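Accompanying notes for the structure given below.
Quick caveat: nothing in here was measured; it's all calculated off a predicted structure.
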Number of protein chains: 2
Amino acid sequence: MPSPRKFVSAREVAERAGVSRSAVSRAFTPGASVSEDTRRRVLEAANALGYHVNHLARGLSLKESGIVCLVGSELGTPYRANLVKAMTQAAQDAGKVAMVINTDRSDASVGAALRQALHYRADASIILSGLPDKSITRLCLENGQRIVLINRDDDQEGPLRINLKDGEAARHTLTAFLRAGCRRLAFANSEAGTPSLMARERGFLAAAGAIGLTVAVERFGPSVYDSGRELARRLLTARERPDAVFCATDLIACGFLDAARHEFGLAVPEDLCVTGFDDIEQAGWSSYGLTTFAQPVSDIAREAFAWLMLAPEEATRRPAAVELEARMVWRRTVRGYAQDLSPDLRSAAGA
Amino acid sequence: MPSPRKFVSAREVAERAGVSRSAVSRAFTPGASVSEDTRRRVLEAANALGYHVNHLARGLSLKESGIVCLVGSELGTPYRANLVKAMTQAAQDAGKVAMVINTDRSDASVGAALRQALHYRADASIILSGLPDKSITRLCLENGQRIVLINRDDDQEGPLRINLKDGEAARHTLTAFLRAGCRRLAFANSEAGTPSLMARERGFLAAAGAIGLTVAVERFGPSVYDSGRELARRLLTARERPDAVFCATDLIACGFLDAARHEFGLAVPEDLCVTGFDDIEQAGWSSYGLTTFAQPVSDIAREAFAWLMLAPEEATRRPAAVELEARMVWRRTVRGYAQDLSPDLRSAAGA
DNA sequence: TCTGTCTTTGCAACCGTGTGCAAAGGTTCC
DNA sequence: GGAACCTTTGCACACGGTTGCAAAGACAGA
């Protein structure tokens, strides 16, 4: 894309305003030493010429580019899309700008993405999916680039790790199922093996095991709608059909619900209780009314940028892990909510 | 975010490899004049030191940053999220990187976003929503920055305009409704007033008008699920209840369908035919099975980047507008498809 | 008027890269 | 051996900012 680029530079502004190039720079630097008169003249000239400070050059001398890299895959998915949206917004609020790198193509590309972040001297990288090699992480850290891991559940030192209390959510789900009178439990998972997915599975199994119940676990495909349908086919044709299923994500839950209702003719929640995770928009649509757990997407973004804006010595002093709560959102795929819960709790959940 | 940034520079690599700094630069520039031996030594040293070419500095001297700005709002929406995904992917395939700017906050912020693009000397900006002032567009163009407008239907000279044949889709919808035996037509739109939304509405009204049919038009709220529900309440309580509704987007259609079925107890497509637009993933979910039009998202991205990679003189010679077809996706919310269409067409549509 | 202090300004060096130009070195051919 | 040519290399400047430092100017006080 070779272009006859003709950007106006500080020198031209300086000439027009009849000042030195440093004066122009200072006029655009908050807190710099410039007289009010000079600043006005400079801004006037800049405006007339259509001058925009070159952030590439500024980043070069400041050693701070203002760029934050967002790396992740499946960005078209409702949950991820919301995360990207929240992150770009938070970045802008913090005076940064988000550079997003899509890692759908290959599996090694989390590393490639981080290399790209290094090329652009990104101030930080936020990783939404995949897990980078220790070596590349270390490289970024050594270069003064900060890293945030979202739901990655890694034990590397250095990056900030933001995780959800998946185990707690699993226990709440179990409680809800038990209260609904369910005993034949199942867990519908994808084969993605993502840390958070596995944490939910482990948490659910552990909680059930603690009171002597077993859980039928099925895993299939990626974390998408169609996998949910297939999981329903597998779980609902089992000899002992489950009466309560915890789906690892809402997308899976939606597929599961559709198959259960339309292919198996089951009534939810009468014949079968179902829960999901993420609280994607579709979970609230009246064809689903899915009881699920809300990912506190804006809290995640806020936590991430709060840490990123910290001074370096401050950042290393703070604990490098944050655990956020996933709020249970009661809707209509689990029995017994309206009858059993106290009214105040009911309104708090926004029934 | 002040950091003790310590990036390794070409000078350090040069010292370690025992060559000049220029040699390092050339080793990383494809097609530059370096001996194989020198290149190897440089790459070795670079690898050992963890060197990454500084794209900020490179952009400074090349006058080409490799950055493409993606500006848009409602990035969490299924359609937009898919577009962002396709665009980031296409950018990477073209050797560029996408910087996304979220314009949800204010309406003037399309201009602010483009200013940001100027600050970072982006090679191009792709605008997914909103419409920039003529003045700011001109500013970008003058600075050699290319602009792509997606579904914006503007007549400004300079930017590439990629649009869908909304009118054609509207005519197809009408044909389908007529073939299904419907005569009481309606159009459910949001109040967003987006060019493509209005084009669909106008196209549908014109096509119906041409054969002497009138269309009940209702507009409400933003282009979201809940608006669809409200639109259903309004249209379905009319004295003359419509038997066919063209919804401006799939999100609206999903809300409409849910309200029609669950609140009004209508059977679709027996009592009512419904179509949407976008072919978001949920349209294919079995609770909806929505007949709709697929936005050729990857084609849009491909067209955009094909044009962006053109040499400047080439780009200005080409027509600055592209019209893409929206393929009709037949599912189950319109009657008569299976009976009336020829088998080959049926299989082509993937029934 | 002279001195001391404070604000404002310009000079010049630096950030990390790409590249035109000239020089050096090597090879081929006569 | 020398001329002609090609490949490879380094120097030095440009890209567009920021900023330490010193100088200049303004101003108050003695």
Margin query: Under a 3.5 Å cutoff, is there a donor and acceptor pairing between the side chains of B:Thr88 and A:Asn102?
Written below: yes

Check: Regarding B:Glu74 and B:Ser129, is there a side-chain donor-to-acceptor distance under 3.5 Å anywhere?
Finding: no

Next item on the list: On DNA chain D, reading 5' to 3', which nucleotide is the first and which the last to sit with an atom under 4.0 Å from a heavy atom of chain A, could you check?
Entry: D:dG16 to D:dG20

Note to self: Under 3.5 Å, is there any donor-acceptor pair linking the side chain of B:Ser9 to the base of C:dC15?
What the structure shows: no

Checklist line | Within 6.0 Å of CD in A:Glu157, more than 12 heavy atoms from elsewhere | finding: no

Notebook entry, point to check: Hey, is CD on B:Glu15 packed in by over 12 heavy atoms from elsewhere, all under 6.0 Å?
Noted result: yes

Next item on the list: Scan residues 36-56 of chain A against DNA chain D and write down, sorted by residue number, each residue with any heavy atom closer than 4.0 Å; if none is found, say none.
Entry: A:Tyr51, A:His52, A:Asn54

Item checked: Angle between terminal axes - the helix from C:dT1-D:dA30 to C:dC30-D:dG1, 5 pairs each end, rounded to 10° -> 50°

Whole angstroms only, please: what is the [atom1]-[atom2] distance between [X] and [N]?
X        : N      : atom1 : atom2 : result
A:His119 : C:dT17 : NE2   : P     : 11 Å
B:Leu62  : C:dG16 : CG    : P     : 17 Å
B:Arg11  : C:dA13 : CZ    : P     : 17 Å

Next item on the list: Carefully, step by step, assess B:Asp123 and B:Arg146 under the rule salt bridge (charged side-chain N to carboxylate O under 4.0 Å, His left out).
Entry: CA-CA 7 Å; B:Asp123 297 334; B:Arg146 267 185 241 181; over 6 Å; no

Check: Say you draw a straight line from NZ of B:Lys85 to CG of B:Leu83; how long is it, rounded to the nearest 0.5 Å?
Finding: 12.0 Å

Margin query: What's the separation between atom CZ in A:Arg115 and atom OH in A:Tyr120, rounded to the nearest 0.5 Å?
Written below: 16.0 Å

Checklist line | Pair B:Lys96 + B:Glu64: basic N to acidic O under 4.0 Å | finding: yes

Notebook entry, point to check: Looking at B:Arg40 and B:Glu36, does any basic side-chain N land under 4.0 Å from a carboxylate oxygen?
Noted result: no

Check: Can you check salt bridge (charged side-chain N to carboxylate O under 4.0 Å, His left out) on A:Glu44 and A:Arg39, steps first, answer last?
Finding: CA-CA 8 Å; A:Glu44 224 161 62; A:Arg39 158 168 280 135; over 6 Å; no

Next item on the list: Determine the sole option in A:Leu139, A:Asp133, A:Ile127 for which the side-chain contact (heavy atoms from CB on, under 4.5 Å) test with A:Leu114 is passed.
Entry: A:Ile127

Margin query: With nearest nucleotide decided by heavy atoms, which residue, B:Leu60 or A:Ser33, maps closer to the 5′ end of DNA chain C?
Written below: A:Ser33

Next item on the list: For B:Arg21 and for A:Arg21, find the nucleotide of DNA chain D with the closest heavy atom, then tell me which residue's nucleotide is more 5'.
Entry: B:Arg21

Notebook entry, point to check: What does A:Ser22 touch in the nucleic acid at a heavy-atom separation under 4.0 angstrom: a base, only the sugar-phosphate, or nothing?
Noted result: base

Check: Nearest to the side chain of B:Ser61 - C:dG16, C:dA12, C:dG18?
Finding: C:dG18

Notebook entry, point to check: What's the closest nucleotide to the A:Ala23 side chain, out of C:dG16, C:dG18, C:dG10?
Noted result: C:dG10

Check: OP1 or OP2 of C:dG10 sitting under 4.0 Å from any side-chain N/O of A:Ser20?
Finding: yes

Check: Among residues 24-32 of chain B, which contact DNA chain C at a heavy-atom distance under 4.0 Å?
Finding: B:Ser25, B:Arg26

Item checked: B:Asp93 vs A:Arg105, salt bridge (charged side-chain N to carboxylate O under 4.0 Å, His left out): CA-CA, chis, key distance, verdict -> CA-CA 10 Å; B:Asp93 291 347; A:Arg105 282 270 196 278; 2.6 Å; yes

Item checked: Listed partners of A:Leu49 passing side-chain contact (heavy atoms from CB on, under 4.5 Å), at least two apart -> A:Val8, A:Glu12, A:Val13, A:Arg16

Below 3.5 Å, can you tabulate the donor-acceptor pairs from side chains in residues 22-33 of chain A to any protein atom, sequence neighbours excluded?
residue : atom : partner : partner atom : Å
A:Thr29 : OG1  : A:Ser25 : O            : 2.8

